[in-house]
Engineer: 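The structure follows.
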Protein chains: 2
Amino acid sequence: MANYSADLDGVLVALADPTRRHVVQALGRGPKRIGELARPFPMTLPSFMKHVRVLESSGLIRTQKSGRVRTCTLNRDRLALLDDWLAEQRSVWEARTDRLENVVTKEENP
Amino acid sequence: MANYSADLDGVLVALADPTRRHVVQALGRGPKRIGELARPFPMTLPSFMKHVRVLESSGLIRTQKSGRVRTCTLNRDRLALLDDWLAEQRSVWEARTDRLENVVTKEENP
DNA sequence: CGAATAGTTAGCCACAAGGCAAAGTATTCC
DNA sequence: GGAATACTTTGCCTTGTGGCTAACTATTCG
């Protein structure tokens with residue numbers, strides 16, 4: 001589990017920005033170099049690089065430099081953290097729904 | 001669909017904070033009044049209220065005042081936006097995996 | 001070698017986010 | 001009616017985020 005909450009926090013902070021979500025989506029189609037990734041966005045390269053670093057430090061992507069080119073890859077495992085959290089929430093309110101149904105049942109058959 | 005991206009943005013921004021995630025989790029167990037919700041957190045009420053407003057404007061919770069008490073309720077539909085986005089990502093990279101498998105297959109049977 | 005390419009570093013700026021204290025407004029209780 | 005309760009509003013402060021320009025450091029191509 002290794003600090004689930006802090007990790008989840010990083011992932012959510014990273015995804016709470018449209019540019020970064022677009023990058024995640026683009027990388028879903030396969031690895032890309034920085035320049036290629038940056039092209040669609042109306043911002044300078046240094047600004048774009050900040051987003052890349054946020055994504056990298058959240059663990060959502062990995063990057064690797066070979067020669068003068070840096071290539072980015074999506075790390076799908078990290079998105080599972082979100083799945084897990086959502087599942088947890090669902091389990092919380094399903095438990096509650098069950099309790100409510102018990103109440104209703106008891107009222108129906110007193 | 002009504003501006004899916006902006007809505008998703010609001011939801012993710014709201015969830016990208018541990019305090020607000022805890023509130024969502026607490027409300028999963030049922031509606032609660034502001035004071036009750038705020039109690040576990042080491043911050044003043046005005047600060048806490050800012051979080052409540054962020055959650056409310058993201059649509060993740062609804063609030064309603066009766067007398068001097070404001071009650072908060074979780075709006076589960078909003079979490080579905082996240083489910084949808086995750087499903088979309090999965091479909092993107094599953095499509096890619098399929099393409100890769102085609103390549104492998106072609107290489108195996110040239 | 002020299003020029004073009006691909007990032008990177010450094011430094012700056014504006015504004016949003018998250019926190020506080022203090023004072024204000026309804027409600028509700030005695 | 002007066003005191004206690006349950007938020008609300010105001011105003012302020014610090015830090016973090018996202019963006020820019022300009023200058024710098026490799027690589028690679030001709």
Side-chain angles (χ1 to χ4, degrees), chain A residues 3 5-27 30-74 78, chain B residues 3 5-27 30-74 78:
Chain A
N3 212 345
S5 179
D7 286 359
L8 178 62
D9 215 67
V11 167
L12 282 165
V13 166
L15 294 178
D17 176 285
T19 300
R20 292 193 293 256
R21 280 200 303 285
H22 284 306
V23 170
V24 166
Q25 186 146 7
L27 290 179
K32 288 196 175 37
R33 41 166 61 192
I34 295 282
E36 193 182 357
L37 268 178
R39 204 175 311 128
F41 299 100
M43 67 180 69
T44 60
L45 210 59
S47 304
F48 184 78
M49 284 299 295
K50 286 195 186 175
H51 290 296
V52 170
R53 277 191 291 270
V54 171
L55 284 166
E56 193 176 9
S57 70
S58 79
L60 278 168
I61 72 171
R62 298 175 191 291
T63 81
Q64 185 193 331
K65 193 159 184 177
S66 123
R68 63 185 169 178
V69 170
R70 181 174 295 278
T71 306
C72 306
T73 332
L74 184 60
R78 224 48 181 169
Chain B
N3 212 344
S5 179
D7 287 359
L8 178 60
D9 215 66
V11 168
L12 281 165
V13 166
L15 294 178
D17 176 286
T19 299
R20 293 191 294 256
R21 279 200 303 284
H22 285 304
V23 170
V24 166
Q25 186 145 8
L27 290 179
K32 288 192 175 42
R33 41 166 63 189
I34 295 281
E36 193 182 358
L37 268 178
R39 204 173 312 127
F41 300 100
M43 67 179 69
T44 61
L45 210 59
S47 304
F48 184 78
M49 284 299 294
K50 285 196 186 177
H51 290 297
V52 170
R53 277 192 289 271
V54 171
L55 283 166
E56 192 175 11
S57 71
S58 79
L60 278 168
I61 73 173
R62 298 176 190 293
T63 82
Q64 185 192 328
K65 193 157 184 177
S66 124
R68 62 185 169 178
V69 169
R70 181 175 294 277
T71 306
C72 306
T73 332
L74 184 59
R78 224 49 179 168

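Naming: A, B, ... by sequence-line order, numbering from 1 per chain.
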Engineer: Here's a test of your reading of the structure: between K50(B) and P46(B), which maps to the more 5' nucleotide of DNA chain D?
Structural biologist: P46(B)
Engineer: What pair of heavy atoms forms the shortest contact from I34(A) to C72(A), and how long is it?
Structural biologist: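 Minimum heavy-atom contact is CD1-SG, 3.7 Å.
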Engineer: In residues 56-72 of chain A, what residues come within less than 4.0 Å of DNA chain C, judged by heavy atoms?
Structural biologist: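 Those residues are K65(A), R68(A), V69(A), R70(A).
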Engineer: Starting from the C-alpha separation in whole Å, work towards a yes-or-no answer on side chain to side chain contact (heavy atoms under 4.5 Å, CB included) for L55(A) and V24(A).
Structural biologist: CA-CA 9 Å; L55(A) 284 166; V24(A) 166; 3.9 Å; yes
Engineer: What nucleic acid atoms does I34(B) come within less than 4.0 Å of, heavy atoms only: base, sugar-phosphate, or nothing?
Structural biologist: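 Sugar-phosphate: the residue I34(B), judged by heavy atoms under 4.0 Å, touches backbone atoms but no base.
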Engineer: To the closest 0.5 Å, what do you measure between CZ (R53(A)) and CE (M49(A))?
Structural biologist: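 Separation between the atoms: 5.0 Å.
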Engineer: Rounded at 0.5 Å granularity, tell me how far CG in L74(A) sits from CD in Q25(A).
Structural biologist: 10.5 Å
Engineer: Which one, dG7(C), dC20(C), dG18(C), comes nearest to the side chain of S47(B)?
Structural biologist: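 Given the options dG7(C), dC20(C), dG18(C), the side chain of S47(B) is closest to dC20(C).
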Engineer: At a heavy-atom distance below 4.0 Å, which nucleotide of DNA chain D is the first touched by chain B, and which is the last?
Structural biologist: dA4(D) to dT9(D)
Engineer: Between F48(B) (CZ) and dA21(C) (P), how many Å, whole number?
Structural biologist: 17 Å
Engineer: Roughly how far, to the nearest 0.5 Å, is NZ of K50(B) from OG1 of T19(B)?
Structural biologist: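 The NZ atom of K50(B) is 13.0 Å from OG1 of T19(B), to the nearest 0.5 Å.
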Engineer: Rounded off to whole Å, could you give me the CZ-to-P distance for the R33(B) and dA26(C) pair?
Structural biologist: 19 Å
Engineer: Output yes when at least one side-chain N/O atom of R20(B) is less than 4.0 Å from OP1 or OP2 of dG18(C), else no.
Structural biologist: yes
Engineer: Measure the spacing between OG1 of T71(A) and CZ of R62(A) and express it to the nearest 0.5 Å.
Structural biologist: 14.5 Å
Engineer: Just the rounded figure in Å: distance from P of dC20(C) to CE of M49(B).
Structural biologist: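 That distance rounds to 15 Å.
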Engineer: To the nearest Å, give me how far apart CG (L45(B)) and C1' (dG24(C)) are.
Structural biologist: 14 Å
Engineer: I need the CG-P distance between L37(A) and dA6(C), as an integer number of Å.
Structural biologist: 14 Å
Engineer: Rounded to the nearest 0.5 Å, what separation is found between the CZ atom of F41(A) and the CZ atom of R20(A)?
Structural biologist: 11.5 Å
Engineer: Provide the closest heavy-atom pair for G10(A) versus S58(A) in the form atom of the first, atom of the second, distance.
Structural biologist: O-CB, 3.6 Å
Engineer: List the atom of L12(B), the atom of L15(A), and the distance in Å for their closest heavy-atom pair.
Structural biologist: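 Closest heavy-atom pair between L12(B) and L15(A): CD1-O, 3.4 Å.
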Engineer: How long is the line joining CZ of F41(B) and P of dG18(C), in whole Å?
Structural biologist: 14 Å
